[in-house]
2 protein chains.
Amino acid sequence: MREGPDIARIASLVGDPARANMLNALMGGTALTASELALEAGVSLPTASSHLSKLMDGGLLTLASQGRHRYYGLASAQVAGMIEAIIGVAEAVGPKRVRPGPRDAAMRMARVCYDHLAGEQAVAMLDRLFDRKLLLREGNEIRLTSAGASHFSALGIESQAKARRPVCRACLDWSVRRSHLAGTLGAAILDKIIAEKWARREKDSRAVVFSPNGRQVFERVFLS
Amino acid sequence: MREGPDIARIASLVGDPARANMLNALMGGTALTASELALEAGVSLPTASSHLSKLMDGGLLTLASQGRHRYYGLASAQVAGMIEAIIGVAEAVGPKRVRPGPRDAAMRMARVCYDHLAGEQAVAMLDRLFDRKLLLREGNEIRLTSAGASHFSALGIESQAKARRPVCRACLDWSVRRSHLAGTLGAAILDKIIAEKWARREKDSRAVVFSPNGRQVFERVFLS
DNA sequence: CGCATGGTTCGATCCTCATCGAAGCATTCT
DNA sequence: AGAATGCTTCGATGAGGATCGAACCATGCG
């Protein structure tokens, strides 16, 4: 009987298994078509289409039409953050996994969260960036210092605040229980990591696997 | 058909309006009883009980039994964080608040919360009682000062701690996001307000409507 | 153009689950 | 002990919504 933001509406959108699978699939950051999502969710195409329009109505997805293809993607990093938070709770209370498989270990270490890096590597990186005063924690927000700006610029990592999207934002990690870096800077760093081939994205997974050499470089640049 | 943490299960728990209201009510951090939560959610006690056991099974709540009272609370800060994240998305996505009807405005102003007064009036009253040192905030608890005791006694408002029920307790308000006064003192004050006909309860609603004269008296006594 | 492919809409079916009254436990007060 | 209070369980009811096949649009290709 209370008012306020309709949290039940949003949560119930995520609360259907088919839709949850779709959203999970989109957490990789790449937009997918309705058929791909139908396959991913294990439902027929009409069913998937129905779910997708509900998610669109709910504002959780964006749609990019390209010819006869329609690519669905998560609406925002905020939505991604919410899903991460739900995953975290599900992970904490869920049926204790029998034994974490190798892919789980990789996911824990480094994975894609919408458009930026998450996992232990990402958490360690953010800690280090604070230590080196390249970033400044300001309550709930994160600010890029001038030292940080020139540092990243020197690395060839450029990021600017876009409409409604800050350069830096904290995003809670479900494996570690601490924050990692989101925002345009977080996205730019992930781009750099992939572009330089320090790591590659696992196929059909959110896991990010560093090459032996790439890990060394990454650690020297971000964790030193 | 990917596997992983059962996020749909968790999200669907939050996805029911009644449960969402309960969780929202618990976001204040104070544990509440099943009856209080039933009132907050606007459902019958059996229904509330059913929801609560589902939330317990899902691991979102903890239960502290104290005699015949059973206090439900959020299981962890992680759960609270998840709900905050969902609220964030809901606010970002649905700023289209419908025009609040007259009864909603009345509810916002003053309403019954279980057995005590809630709403803006109640929040203002509690603030004032602190200012006048009639009550003392002690961390999460509220204590009646000796000055307060004689003050309320002079007004003919008598309250004593009953079994397991404190004289004063903070209760989070959903319209304003701050605490109002619960406990036997809060109940006694509401009794006084009704007995003196300063206000009457709206039929079939939790709203409490002050008479013009009653409001003046109330403000002089509690808000001066 | 006609055909194939990717998506959506419609209609019917089915099933889960929210809801409440009544009855049943459990604990505490008198 | 008996009454009262707080809460849960049971049983019946009903509504919302997930699902899929078939039919229907839209775009691109030859």
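Scope of the values below: all heavy atoms of this structure, side chains included, with no hydrogens, waters or symmetry mates. Here the structure is a predicted model, which is why all the values come from computation and not from measurement.
Look at CG on A:Leu32: it is 15 Å from C1' on C:dG6, rounded to the nearest Å. As a whole-Å value, the separation of B:Asp16 CG from C:dT16 P is 17 Å. Between B:Tyr71 atom OH and C:dT27 atom P the separation is 16 Å, expressed in whole Å. For the pair B:Arg9 CZ and C:dT16 C1', the computed distance is 15 Å after rounding to whole Å. Between A:Met56 atom CE and C:dT9 atom P there is a gap of 12 Å when expressed in whole angstrom units. Rounded to whole angstrom, the span from the CG atom of A:Leu37 across to the P atom of C:dT8 amounts to 10 Å. In this structure, A:His69 places its NE2 atom 7 Å from P of C:dG7, rounding to the nearest Å. At whole-Å resolution of the value, CG in B:Leu63 and P in C:dA26 are 16 Å apart.
Relative orientation of the B:Phe222 and B:Phe218 rings is tilted, given thresholds of 30° and 60° on the angle between their planes.
The side chain of A:Leu45 sits closest to C:dT8 out of C:dT8, D:dA18, D:dC7. Taking only side-chain atoms of A:Arg19, from C-beta outward, the nucleotide of C:dC20, D:dA18, C:dT8 with the closest atom is D:dA18. Ranking C:dT8, D:dG6, D:dT9 by closeness to the A:Pro46 side chain, first place goes to C:dT8.
Using a cut-off of 4.0 Å between Lys/Arg side-chain N and Asp/Glu carboxylate O, B:Glu219 and B:Arg128 are scored as not salt-bridged. Between B:Arg9 and A:Glu91 there is no salt bridge, since no side-chain N of the basic residue sits under 4.0 Å from a carboxylate O of the acidic one.
Judged by distance alone, with hydrogens and angles left aside, the side-chain atoms of B:Thr145 form a donor-acceptor pair with the main-chain N or O of B:Lys133 at under 3.5 Å.
For the atom pair CG of A:Leu37 and CG of A:Leu45, the computed distance is 10.0 Å after rounding to the nearest 0.5 Å.
Distances shown here put every side-chain N or O of B:Tyr72 at or beyond 4.0 Å from the OP1 or OP2 atom of D:dG6. The side chain of B:Arg70 places an N or O atom within less than 4.0 Å of a non-bridging phosphate oxygen (OP1 or OP2) of D:dT8.
For residues 51-60 of chain B, the side-chain hydrogen bond (donor to acceptor under 3.5 Å, both in side chains) pairs, not counting sequence neighbours, are B:Arg19-B:His51.
Looking at residues 47-55 of chain B, you'll see B:Thr47, B:His51, B:Lys54 sit with a heavy atom under 4.0 Å from some atom of DNA chain C.
The only member of A:Leu26, A:Leu13, A:Ile83 that meets side chain to side chain contact (heavy atoms under 4.5 Å, CB included) when paired with A:Leu60 is A:Leu13. Exactly one of A:Val79, A:Leu63, A:Leu61 qualifies for a side chain to side chain contact (heavy atoms under 4.5 Å, CB included) with A:Leu55. That residue is A:Leu61.
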Expected string for nucleotides 25-30 of chain D under the B/S/- scheme (protein heavy atoms, under 4.0 Å, primed atoms plus P, OP1, OP2 as sugar-phosphate) is --BS--
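Side-chain contact, B:Ser44 with B:Thr47: a donor N or O sits under 3.5 Å from an acceptor N or O.
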